[in-house]
A.B. asks: 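Below: one structure in structure tokens.
Here, residue 1 is the first one in the sequence, and each next residue gets the next number.
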Amino acid sequence: MHVNARAAATTIMAAKRKDRPMTAIVETLTARPHRRTIPGTSLFDGDAAARGYALNAMCYSFNDEANREAFRADEEGYCQRFGLTSQQRAAVASRNVLAMIDAGGNIYYLAKLAGIFGLSVQDLGAQQTGVTVEEFRHKLQAEGEL
């Protein structure tokens, strides 16, 4: 069964109104035997959207300064407030953006969290490409000279 983003969001919202645990919802939505893959790439599809809903909702909340301050004051409590999975909490605690993406994080939402951590877009690019920030900057400069 393929889950599209709209169906996933509808299922999640209906389940939240019935107070179903987020982990049970994610397991239901992501249980699918055949999944399209691109080697070395984490796809953000309906399954990832369902899996990352709590993490992305938390990151979206950082549009409000008060929420960013609340996260800084009690990171673990803030993550619990949004129902992050243990995989998502570990990724946040380790500041590992790739692990957050693997846990269903959408890079556009994660950028808010990365900003709280003091990470720049170049820091994220370096993590995603597996090089140091300095190597990533050099690569960008070399590409710009073409």
A.B. asks: To the nearest 0.5 Å, tell me how far Ile101 CD1 sits from Tyr109 OH.
C.D. replies: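 Nearest 0.5 Å value for the CD1-OH distance: 14.5 Å.
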A.B. asks: Could you check, using the six-membered ring where one of them is a Trp, whether Phe62 and Tyr78 have ring centers closer than 6.0 angstrom?
C.D. replies: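 Yes.
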A.B. asks: Is there a continuous path of hydrophobic side-chain contacts, each under 4.5 Å between heavy atoms, that joins Tyr108 to Ile116?
C.D. replies: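 Yes; tracing contacts between hydrophobic side chains, which count when under 4.5 Å, links both residues.
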A.B. asks: Applying side chain to side chain contact (heavy atoms under 4.5 Å, CB included) to His138 and Val131, what does each step give before you reach the verdict?
C.D. replies: CA-CA 11 Å; His138 179 69; Val131 299; over 6 Å; no
A.B. asks: Taking the side chain from Asn63 and the backbone from Tyr60, do they hold a donor-acceptor pair closer than 3.5 Å?
C.D. replies: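 Yes; at least one donor-acceptor contact below 3.5 Å.
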A.B. asks: Evaluate side chain to side chain contact (heavy atoms under 4.5 Å, CB included) for Leu110 paired with Leu55, printing each intermediate quantity in order.
C.D. replies: CA-CA 8 Å; Leu110 294 177; Leu55 176 60; 4.0 Å; yes
A.B. asks: Rounded to the nearest 0.5 Å, what's the gap from NZ on Lys112 to SG on Cys59? Could you check?
C.D. replies: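 Rounded to the nearest 0.5 Å, the NZ-SG separation comes out at 10.5 Å.
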A.B. asks: Mind checking the CD-CG spacing from Gln87 to Asp102? Nearest 0.5 Å is all I need.
C.D. replies: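 Answer rounded to 0.5 Å: 7.0 Å.
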A.B. asks: Identify the two heavy atoms, one from Leu98 and one from Asn96, that lie closest to each other, and give their separation to 0.1 Å.
C.D. replies: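 That would be N-OD1, 3.1 Å.
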A.B. asks: So does Gly105 get a backbone contact from the side chain of Asn56, meaning a donor-acceptor N/O pair under 3.5 Å?
C.D. replies: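 No; judged by distance alone, with no hydrogens or angles, the pair does not exist.
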A.B. asks: Looking only at heavy atoms, which two atoms of Ala54 and Gln88 are closest? And how far apart?
C.D. replies: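 Minimum heavy-atom separation between Ala54 and Gln88: CB-OE1, 4.3 Å.
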A.B. asks: Check this for me, if you would: do Glu75 and Arg68 make a salt bridge, where the nitrogen-to-carboxylate-oxygen distance has to be below 4.0 angstrom?
C.D. replies: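 So Glu75 does not pair with Arg68 through a salt bridge.
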A.B. asks: Is there a side-chain contact between Phe117 and Val92, using heavy atoms and a 4.5 Å cut-off?
C.D. replies: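 Yes, at least one pair of side-chain atoms sits under 4.5 Å.
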A.B. asks: Would you mind reporting whether Leu119 and Leu113 have side-chain heavy atoms less than 4.5 Å apart?
C.D. replies: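 No; the side chains remain at least 4.5 Å from each other.
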A.B. asks: Is the closest side-chain heavy-atom distance between Phe71 and Met58 below 4.5 Å?
C.D. replies: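 In short, these two side chains touch, coming nearer than 4.5 Å.
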A.B. asks: Does Leu140 offer a backbone N or O that forms a donor-acceptor pair with the side chain of Gln122 under 3.5 Å?
C.D. replies: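 Side chain of Gln122 to backbone of Leu140, a donor-acceptor pair under 3.5 Å: no, none is there.
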A.B. asks: Quick one, Thr85 and Arg51 - any side-chain contact, counting heavy atoms below 4.5 Å?
C.D. replies: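 With C-beta onward as the side chain, the pair stays apart.
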A.B. asks: What distance separates Glu69 CD from Asp74 CG, expressed to the nearest 0.5 Å?
C.D. replies: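 Spacing of CD (Glu69) from CG (Asp74) equals 13.0 Å.
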A.B. asks: Would you say Asp123's side chain and Ser120's backbone share a donor-acceptor pair under 3.5 angstrom?
C.D. replies: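 Here the side-chain-to-backbone pair exists.
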